[in-house]
Number of protein chains: 2
Amino acid sequence: MIQNNLAKTPNKAPGQKNCPGDDPRERLLLAAGREFAEKGYEAATVRDICLAAGVNLAAVNYYFGDKRRLYIESVKHAHEERMRQVPEPDWAAGTPADRKLHDFVGNMLERMLGSDQPPWQVRLMLREVLQPTEACRELVEDYFRPHFELLVAILDELAAGRLDEPNLRRAALSVIGQCFLYRAAGDVVGMLVPAEERAVLHTPRELAAHVTRFTLAAIGAGPPLAAASRCDDSPRPEASST
Amino acid sequence: MIQNNLAKTPNKAPGQKNCPGDDPRERLLLAAGREFAEKGYEAATVRDICLAAGVNLAAVNYYFGDKRRLYIESVKHAHEERMRQVPEPDWAAGTPADRKLHDFVGNMLERMLGSDQPPWQVRLMLREVLQPTEACRELVEDYFRPHFELLVAILDELAAGRLDEPNLRRAALSVIGQCFLYRAAGDVVGMLVPAEERAVLHTPRELAAHVTRFTLAAIGAGPPLAAASRCDDSPRPEASST
DNA sequence: ACTTGATTAAAACACCTGTTTGAAACAGGC
DNA sequence: GCCTGTTTCAAACAGGTGTTTTAATCAAGT
C-alpha cells in the first residue's frame, strides 16, 4: 500500500504508448513542459499542470514524487522530443563547406525559431541555458556539444587549417550568438526593427542567409557584405571544393 | 491616517540622499533589485527583500503599494544607475570608425560582463529582455535604442554607404548577438570551452578584439580571420589608422 | 506641551503553495 | 467468487505568500 519507490511506468499496455490520451505519465510530462516553458519553474503550479494534463493532483507525486523531479524529467523529455523533430542535416560526401555552414545555420535557426511559431520545447531549454539547474549539464553534453563540435569542424574546413582551435571556437560562438539573439531577445529585437522589415527579413531563411554571408566574409571564405572590395568578382573559390 | 495615495518620497532631508543607511525607499529599491535579479520575480519574496533592506515588512506597501510596482521601480532604478556607472564613450572628431567600433564593443561587453564580476543590474535587465513586462518598453526606448542607433551609425561609417539600412541593422544585431551570448548563455559557453582557454581569451578585452575583428572582416573593412587571402598585405586601408 | 502628520512596528489576514493521506476504483490471477 | 497490487480520487495538511490592519513612535509646527 505504501509506495516508497516510484512507479516508473504504468503496467498497462507497455507496447503502445502513442495514443494521445493514453499514459498519464506522458500527459503530465507534456503539460508540465508547456507550463514550465511559459511561466518558469516557480510560477508554474502543479495544480495548473495537473489540470492541463487532465490528471489528479496526486499523480505528480505518484509518478514523479516531486515537482523538481517532474521538472527535470520534462526538460529531458522535451529535449529528446526536439531532437527527434529536427534531425541534424546529413550531407553527401563532397558537399562544399560553405553550403554546409548555410545548412547548419538554417537548421539551427529553424530549430530555435520554428518555421511557424517558436516551439515550447526550445523555450524550456532556453530557461536552462540562462539559469542552469541539474538538467543543464546533461543537456549540454547530449545536445549542444555535438552541434558545437560539428560547427567547429565546418569552420575548420572553411578556414582550410588557417585558424587554430581557440579561434575556431570563438568563431563558432560568434555564429551561435548571432542566431541566439533572435531567439532569446526576440521581443526587444522586434522593438528595434520596423515591423515590415521584420516580416520580410527576420524569417529563418533570410536570417540564415545573412548569418552565413556575415560569417563567411569574417573568416575570409566569402565576399564581404559591403561588396566593393579590391578583389571582387572572384569570391575566393578555394573553399567551394564541390 | 488612512494612506490612500502612496508616499512618493519621505519628508525628512530631501536634499541629502546619498547616505548609505538613509532613505528606506532607496534601500528597498536596492535590495529588491538584487533579490529580483538573483531569483526572479516569483521566487523573490518581499520578506527577504525587506530583511535585506533592513526595513519593516509593511514598508513595501507604504512606499510602493505593491510587489509588482516595487519590481518595476527597481528595474528603472537599476537601469538609471547602470547608465550612470558606464557612460557612453565620447570620441574626438576624426576618430577612425574601426576604433569607434572597437570601443563600442568593448564598452558593451564591459557593461554586460563587468570587469570583475557581472553586476546584478544587468542580470535584472536581462530578465526583462528575455521575458518582457511593463518595464521593458521604457528600457528599450531609453537605454537600448540609443546604443543601437549609435552602433548602426558606426557600421554605416565603416561601410562607407555601401550598406542600406536593413543590412546595417542586421549587421548591428550580429554584433550585439556575439556579445549577448557570453552574457546570457555564459554558463553553457563555459561548459563548451576549456577552462584555461576561457580564462585567457574570454575576458572583455579579448572578446572585444575578436568581435571587432570578426565584424570588420564581415563588412569588408578589415582583413579576414583566416588571413591568407589573394589581396593580402594591404588590408583595405580606407578604415585603418590607429 | 499639545497637536498633527508622516513613518515604523508587530500581528493578523486570506489565500495559495507543494505535499500527503486514506480510502475508493480498477485491473488481473487463482 | 475473492484476493492482490496498481492506479485514481477527493480531501486535508502544514507552511509560505502578498497584503492589510492597528497601534506605537517620531519630528516638527504652533
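Every value quoted in this text rests on a predicted model; they were computed, and no experiment measured them.
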d([atom1], [X]; [atom2], [N]) in whole Å:
{"X": "Y62(A)", "N": "dA23(C)", "atom1": "OH", "atom2": "P", "result": "18 Å"}
{"X": "D23(A)", "N": "dT6(D)", "atom1": "CG", "atom2": "P", "result": "16 Å"}
{"X": "N56(A)", "N": "dA25(C)", "atom1": "CG", "atom2": "C1'", "result": "13 Å"}
{"X": "L51(B)", "N": "dA10(C)", "atom1": "CG", "atom2": "P", "result": "12 Å"}

Please set out all donor-acceptor pairs under 3.5 angstrom arising from side-chain atoms of residues 189-203 of chain B, sequence neighbours excluded.
unit_1  : atom_1 : unit_2  : atom_2 : d
E197(B) : OE1    : R169(A) : NE     : 3.1
E197(B) : OE1    : R169(A) : NH2    : 2.7
E197(B) : OE2    : R169(A) : NE     : 3.1
R198(B) : NH1    : G190(B) : O      : 2.8
T203(B) : OG1    : E206(B) : N      : 3.2

Point to revise | Pairing residues for H102(B) by the ring pair (Phe, Tyr, Trp, His ring centres under 6.0 Å) criterion, not counting sequence neighbours | key: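 Once residues adjacent in sequence are excluded, H102(B) has no partner under the ring pair (Phe, Tyr, Trp, His ring centres under 6.0 Å) criterion.
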Review point. Under the side chain to side chain donor-acceptor pair (under 3.5 Å) test, which residues partner Q131(B), sequence neighbours left out?
Key: R127(A)
Exercise for review: Only counting residues at least two apart or in another chain, list the ones meeting side chain to side chain contact (heavy atoms under 4.5 Å, CB included) with L57(B).
Suggested key: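 For L57(B), the residues satisfying side chain to side chain contact (heavy atoms under 4.5 Å, CB included) (neighbours in sequence not counted) are V46(B), R47(B), C50(B).
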Check your understanding: Quick one: what's the B/S/- string for nucleotides 15-21 of chain D, heavy-atom cutoff under 4.0 Å, read 5' to 3'?
Key -> --BBBBB
Check your understanding: Does the pair D142(B)/K76(B) count as a salt bridge with the N-to-O cut at 4.0 Å?
Key -> no
Review point. Taking only residues at least two apart or on different chains, which pairs with a member in residues 24-53 of chain B satisfy ring pair (Phe, Tyr, Trp, His ring centres under 6.0 Å)?
Key: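 Every pair satisfying ring pair (Phe, Tyr, Trp, His ring centres under 6.0 Å) with a residue in residues 24-53 of chain B: F36(B)-Y41(B), F36(B)-Y71(B), Y41(B)-Y71(B).
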